[in-house]
Amino acid sequence: MKHVLNQLVQLQELNFALAEHRATDPEARLKPLEESIAKLMEKLPADVARLYNRIQRNNPLVVAPIMRGNCGGCGVAVSSGTANDIRAGKEIFTCQNCARFLFYEEGLPRQPQKPAGPKRPLGAGIARFSDVNLMVPKLVAKTREEAITEMAQLLAAQGFVENPDTLVELALRREAMVSTAVEHGLAFPHVRNIEGGSLTFALGMKSAGVKFDGDGPSKLVFLIVIPTAASAFYLRLLAGLVRTFSAADARAKMLKCDSPEAMWKTLTALTRQHIQ
Ligand SMILES: [Zn+2]
C-alpha cells in the first residue's frame, strides 16, 4: 500500500500547486497540472479517490503527516501501533477524528518551540509572517539552489527553523514538481508540513535575478515555511504578495533598498493594503 500513500502525498502536492497557481497567476500552467491530477486520481483505488475528494471539499489538507504521535491535521493522538503500521506502509490509515489520510515522514523540518527572533505582534500585517532579520538585500546566490540554501541558512541562523539542509532538499523537491516562479520576477519556493511555529518567510533580492525555470529570472525570492495547520492561510499570504508586487513601481521601490532595515520598512508600507 506504500505506493498508494505515495500517490496520495503527490496528489495533495499537485492540488496545492494548482491552488497556488490559481492564487498567483490565473492564466498560467493550469492545464498540465490538472491533467497530472486527473491521471493520479485514476490510478487510485476507487474508494480512496472518493474519500480524497470528499475531504478536499472541506479543506485543502487531505493527507497529514504524523507529528509527535499526533495527526498533523487535527492534533488528535494516533496510537503507536497504528503509527508503526503506517511507517511500515502496510495499509492506508485515516485519522479517526478528522478522516485525513495519515503518512509518516522522517526528519520533517521543525521550528523551535520558541523562536529566538523577537516576538512578532499579532494582527499586524506583514510583521506576522516575517522579520527585518529575514530580509536579504543582495543575495550572493547565482542559482536557484544557492538562493534557497542562502535563505534557509538565514532562517536557521535567526532561529526560525532547526534543520536548514532538509528545508533545502524539500524546497528543491517541490520546485522539481512544478516551478514556484510566477510573473513579474517573483518566486515563492516553499516547504510544507513544518512542525510547529507559524507561517514565516525570508525575502531575498537579486537585481540580476536568479533563474527558477524557463521564464525570466526571479528578482524577488520568498522562501516560505508552512506549518501544516497554516496550509489554507498560506494561499492568502501568497495572493497578497502577488497583488502587491504585480505593480512595477512596487517592485522598483523594493529593489532599490540596500539594507534589511530599508527592505523591511518598504515591504511593510507596500503590503499594508493587501496583507492585513
Ligand atoms: Zn486528524
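Atoms within a ligand are numbered from 1 in the order they appear, just like the ligands themselves. Keep in mind that the numbers below use all heavy atoms, side chains included, and drop hydrogens, waters and symmetry copies.
Side-chain atoms of E175 and T180 form a donor-acceptor pair, as typed in the model, at a separation below 3.5 Å. No side-chain donor from either of D47 and Y52 sits under 3.5 Å from a side-chain acceptor of the other.
A19 meets the side-chain contact (heavy atoms from CB on, under 4.5 Å) test with L235; sequence neighbours excluded. For R272, the side-chain hydrogen bond (donor to acceptor under 3.5 Å, both in side chains) criterion is met by no residue, not counting sequence neighbours.
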Please list, one pair per line, the donor and acceptor atoms closer than 3.5 Å that link side chains of residues 140-150 to other protein atoms, with sequence neighbours excluded.
residue : atom : partner : partner atom : Å
T143    : OG1  : E146    : N            : 3.1
R144    : NH1  : F212    : O            : 3.1
E146    : OE1  : K142    : N            : 2.7
E146    : OE1  : T143    : N            : 3.3
T149    : OG1  : E145    : O            : 2.7
E150    : OE1  : V140    : N            : 3.1
E150    : OE1  : A141    : N            : 2.8
E150    : OE2  : V140    : N            : 3.0

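I126 and F233 fall within the same hydrophobic cluster, where Ile, Leu, Val, Met, Phe, Trp and Tyr residues are linked whenever their side-chain heavy atoms come under 4.5 Å apart, directly or through other members.
Inside a sphere of radius 2.8 Å centred on the Zn ion (ligand 1), the protein N/O/S atoms present are C71 SG, C74 SG, C95 SG, C98 SG.
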